[in-house]
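Order of the sequence lines sets the chain letters (A, B, ...), proteins ahead of strands, with each chain counted from 1. Being a predicted model, the structure only gives us computed values, none of them experimental.
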4 protein chains.
Amino acid sequence: MARVTTSPTFKRLPRAVREQQMLDAAVRVFSRRGFHAASMDEIAEDAGISKPMVYAYLGTKEELFIACLHREGTRLMEAIVAGVGTDLPPDEQLWRGLRAFFGFVGAHRDGWAVLYRQARAQQPFAGALATMRERMVEVIGTMLAQALAAEGREIRDMDLEVMAYALVGASESLADWLADRPDADPDKTATRMMNFAWVGAGQLLHGETWPPAPLSP
Amino acid sequence: MARVTTSPTFKRLPRAVREQQMLDAAVRVFSRRGFHAASMDEIAEDAGISKPMVYAYLGTKEELFIACLHREGTRLMEAIVAGVGTDLPPDEQLWRGLRAFFGFVGAHRDGWAVLYRQARAQQPFAGALATMRERMVEVIGTMLAQALAAEGREIRDMDLEVMAYALVGASESLADWLADRPDADPDKTATRMMNFAWVGAGQLLHGETWPPAPLSP
Amino acid sequence: MARVTTSPTFKRLPRAVREQQMLDAAVRVFSRRGFHAASMDEIAEDAGISKPMVYAYLGTKEELFIACLHREGTRLMEAIVAGVGTDLPPDEQLWRGLRAFFGFVGAHRDGWAVLYRQARAQQPFAGALATMRERMVEVIGTMLAQALAAEGREIRDMDLEVMAYALVGASESLADWLADRPDADPDKTATRMMNFAWVGAGQLLHGETWPPAPLSP
Amino acid sequence: MARVTTSPTFKRLPRAVREQQMLDAAVRVFSRRGFHAASMDEIAEDAGISKPMVYAYLGTKEELFIACLHREGTRLMEAIVAGVGTDLPPDEQLWRGLRAFFGFVGAHRDGWAVLYRQARAQQPFAGALATMRERMVEVIGTMLAQALAAEGREIRDMDLEVMAYALVGASESLADWLADRPDADPDKTATRMMNFAWVGAGQLLHGETWPPAPLSP
DNA sequence: TATGAATGAGCCTTCATTCAT
DNA sequence: TATGAATGAAGGCTCATTCAT
């Protein structure tokens with residue numbers, strides 16, 4: 001009696017590969033629908049895999065989303081760090097960082113920006129988000145701190161933090177702007193952001209603050 | 001002894017009053033839980049009224065949310081417009097605008113910022129959001145344009161738009177920062193934002209851009 | 001100080017009038033939507049009256065529907081009885097009855113046929129329906145019985161009842177057919193029904209039955 | 001003593017089986033309560049299964065109802081077609097068809113007739129109904145047309161359609177009559193219907209119409 | 001490993017009906 | 001008489017999650 005082991009086409013892939021497939025699918029679906037509107041069914045189907053597998057590999061829906069966030073966030077960070085380089089003047093560093101950031105966002109229009117936006121709206125992800133943001137603020141803060149050190153000046157930590165937040169916020173806003181406009185050019189957007197950020201930040205770093213003279217209360 | 005016929009507390013209120021109660025409750029609950037996690041039951045209960053009334057007066061959950069967005073957004077706009085004043089130098093205008101903005105956000109820590117964040121994450125609200133944002137961008141854009149005109153200079157529309165977006169984004173980010181920190185001081189936050197924005201924007205307005213000399217491609 | 005008794009346009013109508021308005025509205029809405037899909041709100045609104053009035057005058061939704069059924073059914077009966085006349089040969093009577101029936105249905109395409117159809121589908125109306133149908137079966141049965149008597153023949157009661165049911169059923173079916181076809185001509189439909197019914201019934205009345213010779217079991 | 005591992009009764013059945021169970025339950029409940037009064041909860045419970053399974057397999061309440069209609073309608077048609085046979089004289093065909101029809105209705109007193117009645121009352125089922133009815137009219141129309149052809153005579157399509165409708169209506173009415181009288185005999189009902197239909201139709205087919213001489217307009 | 005079968009729980013929405021004025 | 005305000009109750013539908021095979 002003949003053996004009937006029809007080779008199951010493309011099955012039994014190693015775990016690591018399967019996980020990436022799932023994450024790809026999850027990122028797609030979460031971006032397309034938003035966290036809540038995304039259903040585990042759709043994700044599993046989009047991944048070409050059965051639901052229990054998703055649970056077995058990546059855990060609950062929240063954990064799955066966090067996994068997406070992590071992977072995409074890490075990729076973004078890597079892109080930025082790789083773009084920034086080392087031992088360059090701070091403005092060049094910032095410029096390269098921004099260009100990398102907008103380049104990445106522009107290239108993954110369905111990924112990072114949307115996930116991030118989602119995460120900010122769902123409280124369960126406060127933790128994961130805080131982590132991400134700290135990483136970003138740290139990267140930017142470090143740059144700024146180096147620049148200040150180079151100038152021999154100092155700045156209070158909280159001011160630094162706020163400035164970093166403002167920068168990140170402005171960048172996020174433009175990232176949204178960019179994500180909504182398929183024809184827009186990431187590099188030009190980066191330039192505009194740089195102008196906005198640096199000429200301002202630059203002056204600040206030189207010690208000039210506003211207002212020139214004290215103002216209302 | 002006179003009969004004190006204080007109407008039985010909390011019954012048969014006129015529509016206008018009930019609607020405000022409901023909106024108050026809705027804003028509270030949407031902020032506390034997020035759009036999806038908020039249940040109409042909880043909103044109704046928090047408003048001290050039965051669910052069908054909510055549907056009768058404010059409609060669907062989505063419509064209710066949009067109503068919240070509108071009310072809070074309008075209040076914010078009014079606060080800003082009232083704060084900005086007229087016939088003042090542009091930096092003074094911007095400063096007052098920012099102070100009004102952060103003052104409002106600080107005073108309604110559970111209101112605007114959170115709703116706005118929610119709206120950005122749920123696709124069904126794209127329309128309502130676009131409207132809001134256009135209003136904001138317009139307010140800011142107008143200020144900037146006036147400032148430019150006062151300087152006798154010009155700027156391309158798109159640059160203006162991008163700059164306004166950056167400003168709005170930075171402000172939103174700091175609003176988040178503020179909303180998450182009950183102890184932070186709105187006025188100080190406004191000052192920091194002003195420093196970030198104006199010294200930068202101010203230089204731009206004077207025609208100085210970055211980079212000083214052309215850079216990489 | 002001027003008297004402000006703006007004459008309330010068309011208010012305070014006598015009860016009887018109001019009731020007719022409500023029934024008109026109810027018939028319209030029940031026909032348009034079906035019993036369940038019709039809402040008391042819509043009926044009240046269509047009648048230009050507030051809901052509590054409807055309850056005060058015509059009672060619950062079921063009672064209201066039954067009231068509609070009665071009024072329309074009575075009108076139909078009256079039309080038929082008026083059409084049939086007296087002291088005519090049975091075929092002429094049947095013909096006139098059918099013509100009146102289809103004429104009425106054709107003229108009230110949104111009324112009787114639809115209500116009747118509705119009533120047949122909702123168990124709570126079994127009683128009301130039985131009454132109506134009995135009235136119809138009686139009218140027809142009487143005609144047939146007279147015809148038989150004129151022929152000096154007899155027929156068992158149950159056979160008579162079944163025949164009447166068949167007649168009523170066929171007529172109802174054609175009434176539906178007519179109600180769904182706004183362009184169809186009531187009179188032609190009546191003629192067709194008459195042909196179907198009479199040439200058959202006529203033969204039966206003459207004592208000819210099927211099969212001519214006994215058939216299968 | 002052998003272990004009797006009868007699989008734990010009623011668990012993990014294959015889809016096809018469960019679907020039939022659900023349809024059985026649905027037909028029962030829809031017939032018992034009517035479409036609107038039937039609740040998905042009751043259907044699920046009656047089927048001994050949880051509600052989500054019903055939705056997973058058969059879809060919406062409307063879709064479920066249509067599925068019932070289809071299954072029962074198809075069964076009826078098959079019964080009729082099987083009953084009618086081929087190459088028989090038209091009266092014999094009609095007789096067998098009617099007997100099959102009433103036999104089926106009598107045997108499934110809670111099934112077809114009630115569903116059909118329901119469908120006629122709810123507008124959303126217009127489409128499904130039209131389909132069913134066309135199938136029926138076609139079956140009957142074909143028989144009649146063959147009979148006519150055999151007689152070498154012709155008849156306009158619309159007349160044929162109307163006659164078929166009248167037949168179907170009369171049959172439906174008697175089916176109702178039968179469904180409401182548990183003691184009545186399907187075969188006798190079929191005979192009565194046959195008498196009503198054939199002796200009439202028979203005359204028509206012979207070219208005799210009513211009135212013998214032209215009548216009122 | 002991999003999956004079809006199965007469900008508890010919950011949410012949005014609607015409606016008939018009644019108070020209090 | 002007439003109505004705006006108010007609600008208890010219920011029903012359709014969906015989803016994340018887990019067994020049993």
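In terms of phosphate contacts, C:Tyr57 brings a side-chain nitrogen or oxygen within less than 4.0 Å of OP1 or OP2 of F:dA2. At E:dG4, none of the side-chain N or O atoms of D:Arg18 fall inside 4.0 Å of OP1 or OP2 (strictly under the cut-off).
One interatomic measurement links the two molecules: CD of D:Glu62 to C1' of F:dG12, which rounds to 11 Å at whole-angstrom precision. As a whole-Å value, the separation of C:Glu45 CD from F:dG4 P is 11 Å. Atoms CG (D:Leu64) and P (F:dG11) sit 16 Å apart, rounded to a whole Å. Rounded to an integer number of Å, the gap from NE2 of D:His36 to P of F:dA9 is 22 Å. D:Asp41 places its CG atom 15 Å from the P atom of F:dT14, with the value rounded to the nearest Å.
Between A:Ser39 and D:Gly59, the residue whose closest nucleotide on DNA chain F is further toward the 5' end is D:Gly59. When the nearest nucleotides of DNA chain F are assigned to D:Thr60 and B:Lys51 by heavy-atom distance, the more 5′-ward of the two goes with B:Lys51. If you find the closest nucleotide of DNA chain E to A:Ser50 and to C:Met40, the one lying nearer the 5' end belongs to A:Ser50.
For C:Glu45, the CD atom counts as loosely surrounded, since its 6.0 Å shell holds 12 or fewer non-hydrogen atoms of other residues, nucleotides or ligands.
Inter-residue side-chain proximity for B:Tyr116 and B:Leu129 is flagged as met; some heavy-atom pair is nearer than 4.5 Å. By the 4.5 Å heavy-atom criterion applied to side chains, D:Met40 and D:Val29 are not counted as neighbours. Side-chain atoms of C:Gln20 and C:Arg71, non-hydrogen and from C-beta on, do get closer than 4.5 Å to each other. Two residues are said to be in side-chain contact when any heavy atoms from C-beta on lie closer than 4.5 Å; B:Tyr57 and B:Met22 meet this criterion.
The base of F:dA5 sits with one of its N or O atoms less than 3.5 Å from a complementary donor or acceptor on the side chain of B:Arg12.
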Output, in order, the C-alpha distance, side-chain angles, deciding distance and verdict of side chain to side chain contact (heavy atoms under 4.5 Å, CB included) for A:Glu42 and A:Arg33. CA-CA 10 Å; A:Glu42 189 177 356; A:Arg33 307 260 189 236; 2.9 Å; yes

Run the side chain to side chain contact (heavy atoms under 4.5 Å, CB included) check on D:Phe30 and D:Val114 step by step: do they pass? CA-CA 8 Å; D:Phe30 280 134; D:Val114 189; over 6 Å; no

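At the heavy-atom level, C:Arg15 lies nowhere under 4.0 Å from the strands shown. Contacts of D:Ala37 with the nucleic acid, taken as non-hydrogen atoms under 4.0 Å apart, are absent. Note on D:Met53: a base of the nucleic acid sits closer than 4.0 angstrom, heavy atoms only. Backbone-only engagement by C:Ala38 is indicated by non-hydrogen atom pairs under 4.0 Å involving sugar-phosphate atoms exclusively.
Atom-to-atom distance recorded for A:Ile49:CD1 and A:Ile43:CD1 is 12.0 Å, nearest 0.5 angstrom.
When distances run from any side-chain atom of D:Tyr55 to the nucleotides F:dA20, F:dT14, F:dT7, the shortest one goes to F:dT14. With F:dA5, E:dT17, F:dG12 as the candidates, the nucleotide lying closest to the side chain of C:Lys61 is E:dT17. Taking the side chain of A:Pro52 as heavy atoms from C-beta on, and the options E:dT3, F:dT3, F:dA6, the nearest nucleotide is E:dT3.
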DNA chain E base-pair string [pairs: Watson-Crick or G-U under 3.5 Å; |: paired with another strand]: .||||||||||||||||||||

